[in-house]
Protein chains: 2
Amino acid sequence: MTKPLTILDIARLAGVGKSTVSRVLNNDARVKDSTRAKVQAVIDQHDFLPSKSARAMRAQRSGVVGVIVAKLSSNSENTALTGLLNTLYARGYDAAIMETQFSQQKAQAHLDVLKRRNVDGIIFFGFSGCDLSALAPFAPHCVVLAIDSNDYASVSYDNQGAVTQVMAHFYAQGLRYIHFLGIDEHDETTGRARAHAYHSFCDRHQLPARLHRCEMSLHAAYKATDSLIDSQTQAVVCASDTLALGVAKRLQTLGREDIAIGGIGNHDMLRFMFPRAVSVELGYHQAGQHAAELLLKQLDETPTEITHWTQPCHLVVP
Amino acid sequence: MTKPLTILDIARLAGVGKSTVSRVLNNDARVKDSTRAKVQAVIDQHDFLPSKSARAMRAQRSGVVGVIVAKLSSNSENTALTGLLNTLYARGYDAAIMETQFSQQKAQAHLDVLKRRNVDGIIFFGFSGCDLSALAPFAPHCVVLAIDSNDYASVSYDNQGAVTQVMAHFYAQGLRYIHFLGIDEHDETTGRARAHAYHSFCDRHQLPARLHRCEMSLHAAYKATDSLIDSQTQAVVCASDTLALGVAKRLQTLGREDIAIGGIGNHDMLRFMFPRAVSVELGYHQAGQHAAELLLKQLDETPTEITHWTQPCHLVVP
DNA sequence: CTGTTAGCGCGTTCAC
DNA sequence: GTGAACGCGCTAACAG
């Protein structure tokens, strides 16, 4: 493990000054072609790589964006993350990814670390009960994903549209007894917004509304099914595909496969296990990309206004 | 957005020298308590955070470890990642996570970036067909996960033991016609090692071996089931829980629920959808932790020998 | 115990 | 076109 070369070593080897090497590295036009070639040759020969630490210190920008997610095992989050990373890589940025496990305390700790790292920006995956005010020191170089915010740029999912599309689908099929399984109101998006869209649809179309809530887990949905359905039930719409999987399993066990199932998230597993179920593609991947693009744009040109983007969704039928 | 304070600002504000502030920051004992308190007060008051870029440059170590994974959406990988991250955070390291999507080319590009970032070490999640030689510049500050290597420290899963445990379980139940669904031999671990363990068990116990291979996907497993089983089949062991889910679904459709199912990976979904299936917990989370610990140990004390660790596994029955 | 000094590797003025 | 000199924020070595 030999000590890595510095820009000065290259300069000496090429018989030029430090700054000339620096210019070559940064594609500065003011270098004679022959000199450039000579320097480049030395660089290639030793495959010299300029230190980003030094560059970061000098330029006051690290080329790193901090990404704070709640849970890497979440399908929505890791899908968005993949889209986001590709966009960042393409622009020469790296990501410092940190996981909060839904703990506001960990989020705060991570933000502190990211501040010391001089990250150029932050992408924050919102979760139920998170405290966005901790992002203040980073504004306007941050984007929040999956929740709305008045204070920061945001990319959110179309919770309202997703539920409405599933409901409209069943409604168009002539179904009228459509029940809904959601999660705690405390959750702004998956909990409150989606339940609200359900009620709203029922009102508009004069449908009998019947809604239950449970924990966001397969088992909870499974158990909640019995108290949600009755002999009239024609369809169950769920606030997420995880819930839909739980409900579908229970309905299968009960032999109630006459009941239609709708979910949100377009999870592979739901389509595979219960092909008859419908789901809504929320566009996690694209939302991730969009969040990254938004952040990068903010880094380039200090923004005039706070931007909000709602990711379009679309129904996926068998 | 006011310009962040530097250690010099703090020194002036506290009426001391730069290095005294530095000593306070690094818990150097040689500071009078009263002075320390005075400096700390100023630090707290302005919630000053020392720049890691500068520190990295000075210390020639960035406090960052590069983590290269194949696919964030993989259950095994993101589970291991979570374990790994917690361990790194606890020791004050951050992770630069990069995704290869199984592309060796991307892996190489990521490694180049990580080298310029002066990362202190690398944790590389092995995938089928990956070229470990690209890690050479980082040795001995790297650990590979999920595959074996003679050249680098590694943490691998007990592929042999996992298959053997499932087989032994079925064998103990008196089952003798146990078939196996695997993936391409080209994959060293999930493909070759697990198939080999199957054959080996059959030989030892004089069981008729019947093995098929398919792509690693729910649908492929679903379709492969028909040609794998026959009227005698008593159990199907799968090289992964994904395959097991595909097979189980097909068997359910066929009404062949007399056939026992065994998988590897202890995936939540398998246990929920098919509670009668058995699976093996490979210890992804712990393997991730262990990989991080191994790397950190190597960073502390330059290692004498290349360490290899096989993560113990255990059967999970209903 | 504490202040002063000298770099770490690089980019960016300035002169030449 | 090119090189020398300076400074980014911090830590280590040396004085006091």
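Each chain gets a letter, A, B and so on, in the order the sequences are listed, and its residues count up from 1.
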Exercise for review: Rounded to the nearest angstrom, tell me the gap between atom NZ in A:K52 and atom C1' in C:dG11.
Suggested key: 15 Å
Review point. Quick one: does A:R91's side chain get under 4.5 Å of A:L299's, heavy atoms only?
Key: no
Practice item. Run the numbers on B:S53 and A:N118 for side chain to side chain donor-acceptor pair (under 3.5 Å), then give the verdict. Key: CA-CA 7 Å; B:S53 309; A:N118 306 323; 2.8 Å; yes
Exercise for review: Could you tell me whether A:Y152 and A:F138 have their ring centroids closer than 6.0 angstrom?
Suggested key: no
Revision key, fill the gap. Stems of at least 3 consecutive Watson-Crick or G-U wobble pairs (donor-acceptor distances under 3.5 Å) involving DNA chain C, listed by first number, are C:1-16 with D:1-16
Revision key, fill the gap. Atom CE of A:M57 and atom P of C:dT12 are separated, to the nearest Å, by 14 Å
Exercise for review: Report the nucleotide, chosen from D:dG9, C:dG3, D:dG1, that has the shortest atom-to-atom distance to any side-chain atom of A:T35.
Suggested key: D:dG1
Check your understanding: Heavy atoms, side chains only, cut-off 4.5 Å: are B:P50 and B:I7 in contact?
Key -> no
Review point. Atom CZ of B:R61 to atom C1' of C:dC8: distance rounded to whole Å?
Key: 14 Å
**Study point:** Interatomic distance where CG belongs to A:L5 and C1' belongs to C:dC8 [whole Å]
**Key:** 15 Å
Restricting both atoms to N or O, compile the protein contacts to nucleotides 13-16 of chain D shorter than 3.5 Å, with distance only.
unit_1	atom_1	unit_2	atom_2	d
D:dA13	N6	B:R23	NH2	3.4

**Study point:** Any B:D187 side-chain heavy atom under 4.5 Å of B:T189 side chain
**Key:** yes
**Study point:** Residue of the set A:W309, A:Y284, A:Y157 for which ring pair (Phe, Tyr, Trp, His ring centres under 6.0 Å) holds with A:H290
**Key:** A:W309
**Study point:** Carboxylate-amine/guanidinium contact A:R36 A:D28, below 4.0 Å
**Key:** no
Revision key, fill the gap. Of the listed D:dT11, C:dG11, C:dT2, the closest approach to the A:L25 side chain comes from C:dG11
Review point. Can you find a heavy atom in the side chain of A:M216 that is under 4.5 Å from one in the side chain of A:T190?
Key: yes
Review point. Of the residues in residues 108-121 of chain A, which ones touch DNA chain D at a heavy-atom distance under 4.0 Å?
Key: none
Review point. Starting at the 5' end of DNA chain C and moving along, which residue's nearest nucleotide shows up first, B:G17 or A:L8?
Key: B:G17
Check your understanding: Is any side-chain heavy atom of B:Q40 closer than 4.5 Å to a side-chain heavy atom of B:V24?
Key -> yes
Practice item. Starting at atom CZ of B:R36, determine the distance to atom P of C:dG3, rounded to an integer number of angstrom. Key: 13 Å
Review point. So does A:T20 get a side-chain nitrogen or oxygen closer than 4.0 Å to the phosphate oxygens (OP1/OP2) of D:dT2?
Key: no
Check your understanding: Looking at B:S22, does any N or O in its side chain come under 4.0 Å of the phosphate oxygens OP1/OP2 on D:dT11?
Key -> yes
**Study point:** side chain to side chain donor-acceptor pair (under 3.5 Å) between B:E99 and A:T82, worked out
**Key:** CA-CA 8 Å; B:E99 197 180 15; A:T82 294; 3.1 Å; yes
Practice item. Round to the nearest Å and state the distance from A:I7 atom CD1 to D:dG3 atom C1'. Key: 13 Å
Check your understanding: Do the side-chain N or O atoms of A:S53 get closer than 4.0 angstrom to the phosphate oxygens (OP1, OP2) of C:dC10?
Key -> no
Review point. If you check every side-chain atom of B:K18, which of C:dC8, D:dT11, C:dG11 has the closest atom?
Key: D:dT11
Revision key, fill the gap. When A:R58 and B:A29 are each assigned the nearest nucleotide of DNA chain C, the 5'-most assignment goes to B:A29
Point to revise | B:V31 side chain, from C-beta outward: closest of C:dG9, D:dT11, C:dT2 | key: C:dT2
Practice item. Kindly indicate, with the supporting measurements, whether the criterion side chain to side chain donor-acceptor pair (under 3.5 Å) is fulfilled by B:D131 and B:S133. Key: CA-CA 6 Å; B:D131 177 16; B:S133 68; 2.8 Å; yes
Review point. Does any non-hydrogen side-chain atom of B:I10 lie less than 4.5 Å from one of B:T6?
Key: no
Exercise for review: Could you check A:I68, A:I147, A:T100, A:L81 and say which one makes a side chain to side chain contact (heavy atoms under 4.5 Å, CB included) with A:F125?
Suggested key: A:L81
Review point. OP1 or OP2 of D:dT11 sitting under 4.0 Å from any side-chain N/O of B:Q60?
Key: no
Check your understanding: Just how far, in rounded Å, is P of C:dG11 from CD1 of A:I10?
Key -> 13 Å
**Study point:** Phosphate OP1/OP2 of D:dG9 contacted by B:T6 side-chain N/O (<4.0 Å)
**Key:** no
Check your understanding: OP1 or OP2 of C:dG11 less than 4.0 angstrom from a side-chain nitrogen or oxygen of A:R55, does that happen here?
Key -> yes
